[in-house]
Protein chains: 2
Amino acid sequence: MVKRAAKGSARAPRRTDGLSRKLIIQTAIEILDSGGEKALTLRALTVRLSTGYGAIYHHVADKSDLLATATDDVITGVLSGAVADADPRTGLRHLALGLFDAIDAHPWVGAELSRQPWRPALLDFYESVGRLLEALDVPQEARFDAAGALVNYVLGVAAQNAANARLRAGGDTDRETFLKDAAAQWAQIDPGRYPFVHAAATRLGEHDDREQFLVGVDIFLAGIAALR
Amino acid sequence: MVKRAAKGSARAPRRTDGLSRKLIIQTAIEILDSGGEKALTLRALTVRLSTGYGAIYHHVADKSDLLATATDDVITGVLSGAVADADPRTGLRHLALGLFDAIDAHPWVGAELSRQPWRPALLDFYESVGRLLEALDVPQEARFDAAGALVNYVLGVAAQNAANARLRAGGDTDRETFLKDAAAQWAQIDPGRYPFVHAAATRLGEHDDREQFLVGVDIFLAGIAALR
DNA sequence: ACCTGAACACCGTTCAAGT
DNA sequence: ACCTGAACACCGTTCAAGT
(Lines give C-alpha, C1' and ligand atoms only; values in the text may rest on other atoms or scores of the structure.)
Protein backbone atom coordinates (compact mmCIF):
# COMPACT_ATOMS: atom_id res chain seq x y z
CA MET A 1 0.00 0.00 0.00
CA VAL A 2 1.72 3.05 -1.21
CA LYS A 3 0.64 6.45 -0.10
CA ARG A 4 0.05 8.90 -2.87
CA ALA A 5 0.04 12.61 -2.41
CA ALA A 6 -3.14 14.39 -3.31
CA LYS A 7 -3.05 15.31 -6.95
CA GLY A 8 -1.26 18.58 -7.65
CA SER A 9 -0.27 19.31 -4.07
CA ALA A 10 2.60 19.32 -1.56
CA ARG A 11 4.81 16.30 -2.38
CA ALA A 12 8.00 18.38 -2.66
CA PRO A 13 10.25 16.18 -4.77
CA ARG A 14 13.94 16.90 -5.04
CA ARG A 15 13.49 18.82 -8.25
CA THR A 16 10.22 20.20 -9.48
CA ASP A 17 11.63 21.52 -12.74
CA GLY A 18 13.19 18.35 -14.10
CA LEU A 19 16.78 17.79 -15.03
CA SER A 20 17.96 18.16 -18.60
CA ARG A 21 21.16 17.57 -20.53
CA LYS A 22 21.29 21.27 -21.21
CA LEU A 23 21.04 22.25 -17.56
CA ILE A 24 23.69 19.72 -16.57
CA ILE A 25 26.16 21.04 -19.14
CA GLN A 26 25.43 24.62 -18.24
CA THR A 27 26.12 23.87 -14.61
CA ALA A 28 29.30 22.04 -15.56
CA ILE A 29 30.49 25.12 -17.42
CA GLU A 30 29.82 27.26 -14.36
CA ILE A 31 31.83 24.91 -12.17
CA LEU A 32 34.67 24.76 -14.69
CA ASP A 33 34.80 28.53 -15.06
CA SER A 34 34.87 29.22 -11.36
CA GLY A 35 37.00 26.35 -10.14
CA GLY A 36 38.89 24.92 -13.09
CA GLU A 37 39.05 21.39 -14.37
CA LYS A 38 39.82 19.95 -10.98
CA ALA A 39 36.60 21.32 -9.54
CA LEU A 40 34.36 19.45 -11.95
CA THR A 41 33.55 16.23 -10.16
CA LEU A 42 30.40 14.19 -10.41
CA ARG A 43 29.94 14.80 -6.72
CA ALA A 44 30.08 18.58 -7.20
CA LEU A 45 27.49 18.29 -9.94
CA THR A 46 25.06 16.28 -7.83
CA VAL A 47 25.36 18.83 -5.06
CA ARG A 48 24.86 21.87 -7.30
CA LEU A 49 21.92 20.22 -9.04
CA SER A 50 20.65 18.49 -5.89
CA THR A 51 20.23 15.12 -7.56
CA GLY A 52 21.90 11.74 -7.59
CA TYR A 53 24.59 10.27 -9.79
CA GLY A 54 22.17 8.22 -11.87
CA ALA A 55 20.19 11.29 -12.81
CA ILE A 56 23.25 12.78 -14.42
CA TYR A 57 24.28 9.58 -16.15
CA HIS A 58 20.79 9.38 -17.54
CA HIS A 59 21.38 12.52 -19.59
CA VAL A 60 25.11 12.26 -20.20
CA ALA A 61 27.27 9.31 -21.30
CA ASP A 62 30.22 9.95 -19.04
CA LYS A 63 32.53 12.68 -17.85
CA SER A 64 34.40 13.05 -21.11
CA ASP A 65 31.09 13.48 -22.90
CA LEU A 66 30.33 16.23 -20.43
CA LEU A 67 33.65 18.01 -21.00
CA ALA A 68 33.47 17.69 -24.76
CA THR A 69 29.95 19.05 -24.98
CA ALA A 70 30.74 21.90 -22.63
CA THR A 71 33.67 22.80 -24.87
CA ASP A 72 31.48 22.67 -27.97
CA ASP A 73 29.01 25.00 -26.33
CA VAL A 74 31.61 27.62 -25.50
CA ILE A 75 33.19 27.50 -28.96
CA THR A 76 29.94 27.75 -30.87
CA GLY A 77 28.85 30.63 -28.74
CA VAL A 78 31.98 32.52 -29.62
CA LEU A 79 32.36 31.80 -33.31
CA SER A 80 28.76 32.52 -34.16
CA GLY A 81 29.38 36.25 -33.93
CA ALA A 82 32.56 36.26 -36.02
CA VAL A 83 33.56 36.81 -39.63
CA ALA A 84 31.88 39.66 -41.36
CA ASP A 85 32.66 40.35 -44.99
CA ALA A 86 35.74 42.40 -44.30
CA ASP A 87 39.20 42.12 -45.78
CA PRO A 88 40.32 38.46 -45.58
CA ARG A 89 43.42 39.32 -43.59
CA THR A 90 41.39 41.18 -40.98
CA GLY A 91 38.89 38.36 -41.04
CA LEU A 92 41.58 35.82 -40.18
CA ARG A 93 42.92 38.00 -37.42
CA HIS A 94 39.43 38.42 -35.96
CA LEU A 95 38.78 34.71 -36.14
CA ALA A 96 42.03 33.79 -34.44
CA LEU A 97 41.51 36.44 -31.80
CA GLY A 98 38.00 35.17 -31.11
CA LEU A 99 39.29 31.72 -30.26
CA PHE A 100 42.15 33.17 -28.25
CA ASP A 101 39.82 35.29 -26.16
CA ALA A 102 37.38 32.45 -25.63
CA ILE A 103 40.13 30.21 -24.33
CA ASP A 104 41.48 33.04 -22.23
CA ALA A 105 38.07 33.39 -20.62
CA HIS A 106 37.61 29.62 -20.24
CA PRO A 107 41.08 28.10 -19.80
CA TRP A 108 39.75 24.55 -19.49
CA VAL A 109 38.55 24.83 -23.09
CA GLY A 110 42.14 25.15 -24.23
CA ALA A 111 43.18 21.97 -22.49
CA GLU A 112 40.18 20.11 -23.86
CA LEU A 113 40.71 21.29 -27.43
CA SER A 114 44.36 20.31 -27.44
CA ARG A 115 43.19 16.87 -26.36
CA GLN A 116 40.46 16.69 -28.98
CA PRO A 117 41.13 19.18 -31.79
CA TRP A 118 38.55 17.61 -34.09
CA ARG A 119 35.45 18.51 -32.20
CA PRO A 120 32.51 19.44 -34.46
CA ALA A 121 32.37 22.93 -33.01
CA LEU A 122 35.74 23.65 -34.62
CA LEU A 123 34.36 22.79 -38.05
CA ASP A 124 33.10 26.31 -38.53
CA PHE A 125 36.47 27.62 -37.55
CA TYR A 126 38.36 25.44 -40.04
CA GLU A 127 35.82 26.20 -42.73
CA SER A 128 36.06 29.93 -42.24
CA VAL A 129 39.83 29.79 -42.26
CA GLY A 130 39.72 27.80 -45.50
CA ARG A 131 37.44 30.28 -47.20
CA LEU A 132 39.46 33.27 -46.09
CA LEU A 133 42.61 31.63 -47.40
CA GLU A 134 40.85 31.12 -50.67
CA ALA A 135 39.95 34.79 -50.67
CA LEU A 136 43.65 35.47 -50.12
CA ASP A 137 44.42 33.63 -53.36
CA VAL A 138 46.33 30.85 -51.65
CA PRO A 139 46.52 28.02 -54.19
CA GLN A 140 44.32 24.97 -53.60
CA GLU A 141 47.11 22.55 -52.74
CA ALA A 142 48.73 24.84 -50.21
CA ARG A 143 45.45 25.83 -48.62
CA PHE A 144 45.04 22.69 -46.53
CA ASP A 145 48.53 22.85 -45.10
CA ALA A 146 48.23 26.56 -44.43
CA ALA A 147 44.90 26.14 -42.68
CA GLY A 148 46.21 23.24 -40.61
CA ALA A 149 49.28 25.18 -39.60
CA LEU A 150 47.30 28.26 -38.65
CA VAL A 151 44.74 26.34 -36.61
CA ASN A 152 47.53 24.48 -34.87
CA TYR A 153 49.25 27.69 -34.02
CA VAL A 154 46.10 29.22 -32.59
CA LEU A 155 45.29 26.17 -30.50
CA GLY A 156 48.89 25.81 -29.38
CA VAL A 157 49.20 29.35 -28.12
CA ALA A 158 45.74 29.22 -26.62
CA ALA A 159 46.59 26.05 -24.70
CA GLN A 160 49.75 27.62 -23.35
CA ASN A 161 47.86 30.74 -22.45
CA ALA A 162 45.35 28.55 -20.65
CA ALA A 163 48.18 26.95 -18.70
CA ASN A 164 49.39 30.40 -17.69
CA ALA A 165 45.88 31.45 -16.72
CA ARG A 166 45.63 28.37 -14.54
CA LEU A 167 48.71 29.55 -12.69
CA ARG A 168 47.53 33.13 -12.31
CA ALA A 169 43.99 32.43 -11.16
CA GLY A 170 44.83 29.62 -8.78
CA GLY A 171 42.62 29.96 -5.74
CA ASP A 172 43.96 26.56 -4.70
CA THR A 173 46.68 25.99 -2.19
CA ASP A 174 48.79 24.85 -5.15
CA ARG A 175 49.11 28.37 -6.39
CA GLU A 176 51.90 29.46 -4.10
CA THR A 177 53.92 26.38 -4.87
CA PHE A 178 53.40 26.89 -8.58
CA LEU A 179 54.46 30.50 -8.57
CA LYS A 180 57.44 29.71 -6.38
CA ASP A 181 58.49 26.93 -8.72
CA ALA A 182 58.15 29.16 -11.75
CA ALA A 183 60.12 31.96 -10.14
CA ALA A 184 62.81 29.53 -9.09
CA GLN A 185 63.07 28.21 -12.60
CA TRP A 186 63.39 31.65 -14.14
CA ALA A 187 65.99 32.66 -11.62
CA GLN A 188 68.04 29.58 -12.43
CA ILE A 189 68.53 30.63 -16.03
CA ASP A 190 72.21 31.22 -16.63
CA PRO A 191 72.63 34.44 -18.66
CA GLY A 192 75.94 33.16 -19.94
CA ARG A 193 74.65 29.89 -21.25
CA TYR A 194 71.18 31.08 -22.22
CA PRO A 195 71.49 34.72 -23.27
CA PHE A 196 68.44 34.66 -25.52
CA VAL A 197 66.09 33.00 -23.04
CA HIS A 198 67.40 35.22 -20.27
CA ALA A 199 66.67 38.33 -22.30
CA ALA A 200 63.24 36.97 -23.20
CA ALA A 201 62.47 36.24 -19.55
CA THR A 202 63.31 39.74 -18.37
CA ARG A 203 61.21 41.14 -21.18
CA LEU A 204 58.31 38.86 -20.29
CA GLY A 205 56.80 41.11 -17.65
CA GLU A 206 56.23 44.08 -19.94
CA HIS A 207 54.57 41.96 -22.57
CA ASP A 208 50.97 41.51 -23.56
CA ASP A 209 50.21 37.91 -24.42
CA ARG A 210 47.36 38.91 -26.65
CA GLU A 211 49.55 41.23 -28.69
CA GLN A 212 52.30 38.65 -29.00
CA PHE A 213 49.71 36.18 -30.21
CA LEU A 214 48.67 38.59 -32.94
CA VAL A 215 52.27 39.10 -34.03
CA GLY A 216 52.47 35.34 -34.51
CA VAL A 217 49.32 35.39 -36.62
CA ASP A 218 50.82 38.15 -38.73
CA ILE A 219 54.02 36.19 -39.26
CA PHE A 220 51.82 33.39 -40.45
CA LEU A 221 49.87 35.55 -42.82
CA ALA A 222 53.09 36.98 -44.22
CA GLY A 223 54.39 33.47 -44.80
CA ILE A 224 51.15 32.42 -46.43
CA ALA A 225 51.33 35.41 -48.73
CA ALA A 226 54.62 33.99 -49.97
CA LEU A 227 52.78 30.85 -51.09
CA ARG A 228 50.73 32.80 -53.55
CA MET B 1 60.99 -13.81 18.68
CA VAL B 2 62.01 -12.94 15.20
CA LYS B 3 63.89 -15.41 13.10
CA ARG B 4 66.93 -14.06 11.35
CA ALA B 5 68.53 -15.61 8.32
CA ALA B 6 72.18 -16.60 8.65
CA LYS B 7 74.46 -13.76 7.73
CA GLY B 8 75.14 -13.47 4.00
CA SER B 9 72.76 -16.19 2.97
CA ALA B 10 69.22 -16.82 1.76
CA ARG B 11 67.32 -13.80 3.11
CA ALA B 12 66.16 -12.65 -0.33
CA PRO B 13 65.22 -9.04 0.30
CA ARG B 14 62.89 -7.28 -2.07
CA ARG B 15 65.67 -5.45 -3.84
CA THR B 16 69.37 -6.13 -3.59
CA ASP B 17 70.40 -3.29 -5.88
CA GLY B 18 68.72 -0.36 -4.20
CA LEU B 19 66.19 1.96 -5.67
CA SER B 20 67.15 5.29 -7.17
CA ARG B 21 65.35 8.29 -8.58
CA LYS B 22 66.92 7.54 -11.92
CA LEU B 23 65.67 3.97 -12.00
CA ILE B 24 62.17 5.05 -11.00
CA ILE B 25 61.96 7.62 -13.78
CA GLN B 26 63.41 5.24 -16.33
CA THR B 27 60.79 2.66 -15.40
CA ALA B 28 58.07 5.31 -15.58
CA ILE B 29 59.18 6.16 -19.12
CA GLU B 30 58.95 2.49 -20.09
CA ILE B 31 55.45 2.24 -18.70
CA LEU B 32 54.39 5.48 -20.42
CA ASP B 33 55.84 4.40 -23.76
CA SER B 34 54.20 1.02 -23.76
CA GLY B 35 50.86 1.82 -22.15
CA GLY B 36 50.32 5.56 -22.38
CA GLU B 37 49.56 8.06 -19.66
CA LYS B 38 46.75 5.99 -18.24
CA ALA B 39 49.07 3.09 -17.56
CA LEU B 40 51.35 5.05 -15.26
CA THR B 41 49.93 4.48 -11.80
CA LEU B 42 51.80 4.31 -8.56
CA ARG B 43 50.57 0.76 -8.22
CA ALA B 44 52.06 -0.22 -11.59
CA LEU B 45 55.36 1.31 -10.54
CA THR B 46 55.52 -0.59 -7.25
CA VAL B 47 54.83 -3.84 -9.11
CA ARG B 48 57.43 -3.25 -11.83
CA LEU B 49 60.01 -2.20 -9.26
CA SER B 50 58.83 -4.68 -6.64
CA THR B 51 58.77 -2.14 -3.85
CA GLY B 52 56.25 -0.23 -1.79
CA TYR B 53 54.69 3.17 -2.24
CA GLY B 54 56.85 4.83 0.34
CA ALA B 55 60.03 3.77 -1.45
CA ILE B 56 58.93 5.68 -4.50
CA TYR B 57 57.82 8.74 -2.57
CA HIS B 58 61.19 8.74 -0.91
CA HIS B 59 62.87 9.52 -4.24
CA VAL B 60 60.13 11.48 -5.97
CA ALA B 61 57.92 14.30 -4.70
CA ASP B 62 54.67 13.20 -6.34
CA LYS B 63 53.25 11.99 -9.61
CA SER B 64 53.52 15.31 -11.40
CA ASP B 65 57.20 15.48 -10.44
CA LEU B 66 57.57 12.04 -11.98
CA LEU B 67 55.89 13.05 -15.23
CA ALA B 68 57.78 16.32 -15.51
CA THR B 69 61.17 14.71 -14.95
CA ALA B 70 60.40 11.91 -17.38
CA THR B 71 59.52 14.54 -19.98
CA ASP B 72 62.74 16.43 -19.31
CA ASP B 73 64.73 13.27 -19.79
CA VAL B 74 63.22 12.50 -23.17
CA ILE B 75 63.65 16.05 -24.46
CA THR B 76 67.26 16.43 -23.36
CA GLY B 77 68.11 13.09 -24.92
CA VAL B 78 66.73 14.25 -28.23
CA LEU B 79 68.00 17.80 -28.43
CA SER B 80 71.54 16.94 -27.42
CA GLY B 81 72.26 15.53 -30.88
CA ALA B 82 70.78 18.46 -32.78
CA VAL B 83 71.95 21.70 -34.40
CA ALA B 84 75.18 21.51 -36.31
CA ASP B 85 76.59 24.64 -37.92
CA ALA B 86 74.54 24.39 -41.08
CA ASP B 87 72.41 27.03 -42.78
CA PRO B 88 70.13 28.63 -40.16
CA ARG B 89 67.01 27.74 -42.10
CA THR B 90 67.99 24.07 -42.24
CA GLY B 91 69.00 24.29 -38.60
CA LEU B 92 65.54 25.49 -37.61
CA ARG B 93 63.89 22.78 -39.66
CA HIS B 94 66.08 20.12 -38.05
CA LEU B 95 65.37 21.46 -34.60
CA ALA B 96 61.63 21.51 -35.13
CA LEU B 97 61.67 18.07 -36.67
CA GLY B 98 63.65 16.71 -33.76
CA LEU B 99 60.98 17.76 -31.30
CA PHE B 100 58.25 16.53 -33.60
CA ASP B 101 59.81 13.09 -33.88
CA ALA B 102 60.48 12.85 -30.18
CA ILE B 103 56.84 13.57 -29.39
CA ASP B 104 55.76 11.20 -32.12
CA ALA B 105 57.78 8.46 -30.45
CA HIS B 106 56.59 9.41 -26.95
CA PRO B 107 53.08 10.87 -27.30
CA TRP B 108 52.71 11.46 -23.57
CA VAL B 109 55.54 14.01 -23.84
CA GLY B 110 53.36 16.14 -26.09
CA ALA B 111 50.55 16.24 -23.59
CA GLU B 112 52.91 17.04 -20.75
CA LEU B 113 54.69 19.83 -22.64
CA SER B 114 51.46 21.51 -23.62
CA ARG B 115 50.60 21.47 -19.92
CA GLN B 116 54.00 22.79 -18.86
CA PRO B 117 55.76 24.48 -21.78
CA TRP B 118 58.36 26.12 -19.57
CA ARG B 119 60.22 23.04 -18.46
CA PRO B 120 63.99 23.56 -18.19
CA ALA B 121 64.62 20.94 -20.85
CA LEU B 122 63.04 23.25 -23.40
CA LEU B 123 65.51 26.00 -22.57
CA ASP B 124 68.03 24.63 -25.04
CA PHE B 125 65.33 24.52 -27.66
CA TYR B 126 64.30 28.15 -27.16
CA GLU B 127 67.89 29.23 -27.00
CA SER B 128 68.80 27.49 -30.22
CA VAL B 129 65.77 28.93 -31.97
CA GLY B 130 66.74 32.39 -30.77
CA ARG B 131 70.28 32.10 -32.06
CA LEU B 132 69.22 30.73 -35.40
CA LEU B 133 66.77 33.59 -35.78
CA GLU B 134 69.60 35.96 -35.04
CA ALA B 135 71.64 34.24 -37.74
CA LEU B 136 68.68 34.84 -40.03
CA ASP B 137 69.00 38.57 -39.41
CA VAL B 138 65.65 38.85 -37.68
CA PRO B 139 65.73 42.17 -35.82
CA GLN B 140 66.07 42.03 -32.04
CA GLU B 141 62.58 43.27 -31.20
CA ALA B 142 60.87 40.79 -33.51
CA ARG B 143 63.04 37.86 -32.44
CA PHE B 144 61.20 37.14 -29.21
CA ASP B 145 57.80 37.12 -30.82
CA ALA B 146 59.03 35.03 -33.72
CA ALA B 147 60.64 32.48 -31.42
CA GLY B 148 57.54 32.29 -29.26
CA ALA B 149 55.31 31.79 -32.25
CA LEU B 150 57.51 29.10 -33.74
CA VAL B 151 57.86 27.17 -30.51
CA ASN B 152 54.13 27.40 -29.98
CA TYR B 153 53.49 26.08 -33.43
CA VAL B 154 55.83 23.16 -32.93
CA LEU B 155 54.36 22.24 -29.57
CA GLY B 156 50.82 22.72 -30.85
CA VAL B 157 51.23 20.39 -33.80
CA ALA B 158 53.18 17.94 -31.72
CA ALA B 159 50.42 17.81 -29.13
CA GLN B 160 47.82 17.19 -31.78
CA ASN B 161 49.99 14.55 -33.36
CA ALA B 162 50.29 12.96 -29.95
CA ALA B 163 46.51 12.92 -29.64
CA ASN B 164 46.31 11.18 -33.00
CA ALA B 165 48.97 8.68 -32.00
CA ARG B 166 46.99 7.92 -28.88
CA LEU B 167 44.04 7.00 -31.06
CA ARG B 168 46.07 4.87 -33.45
CA ALA B 169 48.04 2.87 -30.94
CA GLY B 170 45.21 2.26 -28.50
CA GLY B 171 45.52 -1.27 -27.20
CA ASP B 172 42.73 -0.38 -24.82
CA THR B 173 39.13 -1.29 -25.25
CA ASP B 174 38.54 2.40 -25.81
CA ARG B 175 40.19 2.24 -29.17
CA GLU B 176 37.22 0.90 -31.10
CA THR B 177 34.91 3.45 -29.60
CA PHE B 178 37.34 6.23 -30.41
CA LEU B 179 37.80 5.25 -34.03
CA LYS B 180 34.09 4.73 -34.47
CA ASP B 181 33.38 8.14 -33.00
CA ALA B 182 35.96 9.79 -35.24
CA ALA B 183 34.63 8.07 -38.35
CA ALA B 184 31.09 9.01 -37.44
CA GLN B 185 32.12 12.61 -37.01
CA TRP B 186 33.88 12.75 -40.36
CA ALA B 187 30.95 11.13 -42.09
CA GLN B 188 28.61 13.71 -40.62
CA ILE B 189 30.37 16.55 -42.38
CA ASP B 190 27.98 18.16 -44.81
CA PRO B 191 29.82 18.82 -48.08
CA GLY B 192 27.35 21.59 -48.87
CA ARG B 193 27.85 23.47 -45.66
CA TYR B 194 31.51 22.61 -45.12
CA PRO B 195 33.08 22.24 -48.55
CA PHE B 196 36.58 23.08 -47.38
CA VAL B 197 36.62 20.74 -44.39
CA HIS B 198 35.01 18.01 -46.45
CA ALA B 199 37.73 18.28 -49.08
CA ALA B 200 40.39 18.36 -46.38
CA ALA B 201 38.93 15.25 -44.75
CA THR B 202 38.96 13.20 -47.95
CA ARG B 203 42.52 14.31 -48.58
CA LEU B 204 43.55 13.39 -45.07
CA GLY B 205 44.24 9.73 -45.80
CA GLU B 206 46.88 10.35 -48.43
CA HIS B 207 48.74 12.82 -46.25
CA ASP B 208 51.91 12.52 -44.27
CA ASP B 209 51.65 14.35 -40.96
CA ARG B 210 55.39 14.84 -40.79
CA GLU B 211 55.50 16.48 -44.19
CA GLN B 212 52.54 18.73 -43.41
CA PHE B 213 54.30 19.76 -40.24
CA LEU B 214 57.35 20.81 -42.25
CA VAL B 215 55.21 22.83 -44.63
CA GLY B 216 53.94 24.72 -41.61
CA VAL B 217 57.49 25.38 -40.46
CA ASP B 218 58.34 26.68 -43.91
CA ILE B 219 55.37 29.02 -43.90
CA PHE B 220 56.66 30.30 -40.64
CA LEU B 221 60.17 30.81 -41.92
CA ALA B 222 58.83 32.62 -44.96
CA GLY B 223 56.81 34.89 -42.71
CA ILE B 224 59.80 35.53 -40.49
CA ALA B 225 61.87 36.42 -43.52
CA ALA B 226 59.36 39.20 -44.15
CA LEU B 227 60.23 40.70 -40.76
CA ARG B 228 63.76 41.32 -41.85
C1' DA C 1 10.93 7.60 -18.05
C1' DC C 2 13.34 9.51 -14.67
C1' DC C 3 15.67 9.59 -10.49
C1' DT C 4 18.04 7.86 -5.84
C1' DG C 5 22.16 6.68 -3.37
C1' DA C 6 24.67 2.70 -1.57
C1' DA C 7 28.34 0.06 -3.47
C1' DC C 8 32.37 -1.00 -6.40
C1' DA C 9 36.82 -0.66 -8.36
C1' DC C 10 40.32 2.31 -8.59
C1' DC C 11 43.14 6.42 -7.84
C1' DG C 12 47.33 9.32 -5.33
C1' DT C 13 49.22 10.05 -0.99
C1' DT C 14 50.41 9.40 3.95
C1' DC C 15 52.57 7.43 7.86
C1' DA C 16 53.55 4.39 11.74
C1' DA C 17 56.38 0.68 11.74
C1' DG C 18 60.17 -2.04 10.33
C1' DT C 19 65.46 -2.93 8.83
C1' DA D 1 68.66 6.27 5.40
C1' DC D 2 65.73 3.56 3.09
C1' DC D 3 61.85 0.82 2.62
C1' DT D 4 57.06 -1.65 3.73
C1' DG D 5 52.16 -1.85 3.12
C1' DA D 6 47.83 -0.97 5.53
C1' DA D 7 44.92 2.98 5.67
C1' DC D 8 42.79 7.35 4.10
C1' DA D 9 40.36 10.49 1.28
C1' DC D 10 38.78 10.82 -3.03
C1' DC D 11 37.67 9.63 -7.77
C1' DG D 12 34.14 7.93 -11.93
C1' DT D 13 30.76 4.63 -12.73
C1' DT D 14 27.15 1.07 -11.94
C1' DC D 15 22.78 -0.71 -10.67
C1' DA D 16 18.98 -2.55 -7.90
C1' DA D 17 15.43 -0.12 -6.16
C1' DG D 18 12.16 3.49 -5.93
C1' DT D 19 8.41 7.00 -7.99
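Just so it is clear, the values below take in all heavy atoms, side chains as well, and ignore hydrogens, waters and symmetry mates. Chain identifiers are assigned alphabetically (A, B, ...) following the order of the sequence lines, protein sequences preceding nucleic acid strands; residue numbering begins at 1 within each chain. Just so we're clear, the structure is a prediction, and the values are computed from it rather than from any experiment.
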> From the list C:dG12, C:dC3, D:dT4, which nucleotide is the closest neighbour of the side chain of A:L19?
Replying inline: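 Nearest to the side chain of A:L19 among the choices is C:dC3.
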> Would one find more than 12 heavy atoms of other residues, nucleotides or ligands at under 6.0 Å from atom CZ of A:R21?
Replying inline: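 It does: A:R21 CZ has more than 12 such atoms within range.
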> How is A:L40 classified with respect to the nucleic acid when contacts are heavy atoms under 4.0 Å: base, sugar-phosphate, or nothing?
Replying inline: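 Sugar-phosphate contact only - A:L40 comes under 4.0 Å of backbone atoms but never of a base.
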>> To the nearest 0.5 Å, what is the distance between CG on B:L66 and CD1 on B:I29?
In response: 9.0 Å
> Going from CD1 on B:I56 to OG1 on B:T46, what distance comes out if it is rounded to the nearest 0.5 angstrom?
Replying inline: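 So the CD1 of B:I56 and the OG1 of B:T46 are separated by 5.5 Å.
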Measure [atom1]/[X] against [atom2]/[N] and give the value in whole Å, please.
{"X": "B:L23", "N": "D:dC2", "atom1": "CG", "atom2": "P", "answer": "14 Å"}
{"X": "B:L49", "N": "D:dC2", "atom1": "CG", "atom2": "P", "answer": "16 Å"}
{"X": "A:L42", "N": "C:dC8", "atom1": "CG", "atom2": "C1'", "answer": "15 Å"}
{"X": "B:R21", "N": "D:dA1", "atom1": "CZ", "atom2": "P", "answer": "18 Å"}
{"X": "A:K38", "N": "D:dG12", "atom1": "NZ", "atom2": "P", "answer": "11 Å"}
{"X": "B:R43", "N": "D:dG5", "atom1": "CZ", "atom2": "P", "answer": "11 Å"}
{"X": "A:E37", "N": "D:dG12", "atom1": "CD", "atom2": "C1'", "answer": "16 Å"}

>> Closer than 4.0 angstrom, basic N to acidic O: yes or no for B:R115 and A:E37?
In response: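 The answer is no: the pair does not qualify as a salt bridge.
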>> Check this for me, if you would: do A:R48 and A:E30 make a salt bridge, where the nitrogen-to-carboxylate-oxygen distance has to be below 4.0 angstrom?
In response: yes
>> Consider side-chain contact (heavy atoms from CB on, under 4.5 Å). Of B:L92, B:V154, B:L150, B:V215, which one does B:F220 pass it with?
In response: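 Exactly one pass, corresponding to B:L150.
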>> So, applying side-chain contact (heavy atoms from CB on, under 4.5 Å) with A:L45, which one of A:I31, A:V60, A:T51 is it?
In response: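 Of all the options given, the one that passes is A:I31.
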> Listed by chain and number, what are the ring-ring contact (aromatic ring centres under 6.0 Å, His included) partners of B:Y194, not counting sequence neighbours?
Replying inline: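 For B:Y194 there are no ring-ring contact (aromatic ring centres under 6.0 Å, His included) partners, ignoring immediate neighbours.
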> Which residues in residues 52-66 of chain B have at least one heavy atom lying under 4.0 Å from any atom of DNA chain D?
Replying inline: B:G52, B:Y53, B:G54, B:A55, B:H58, B:H59
> Is it the case that B:D73 and B:T69 place a side-chain donor and acceptor less than 3.5 Å from each other?
Replying inline: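 Not at all, the side chains of B:D73 and B:T69 share no donor-acceptor pair under 3.5 Å.
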>> For DNA chain D, please output the secondary structure as dot-bracket, reading 5' to 3'. Pairs are Watson-Crick or G-U wobble, both atom distances under 3.5 Å; mark crossing pairs with [ ], other-strand partners with |, unpaired with a dot.
In response: ||.|||||...|||||.||
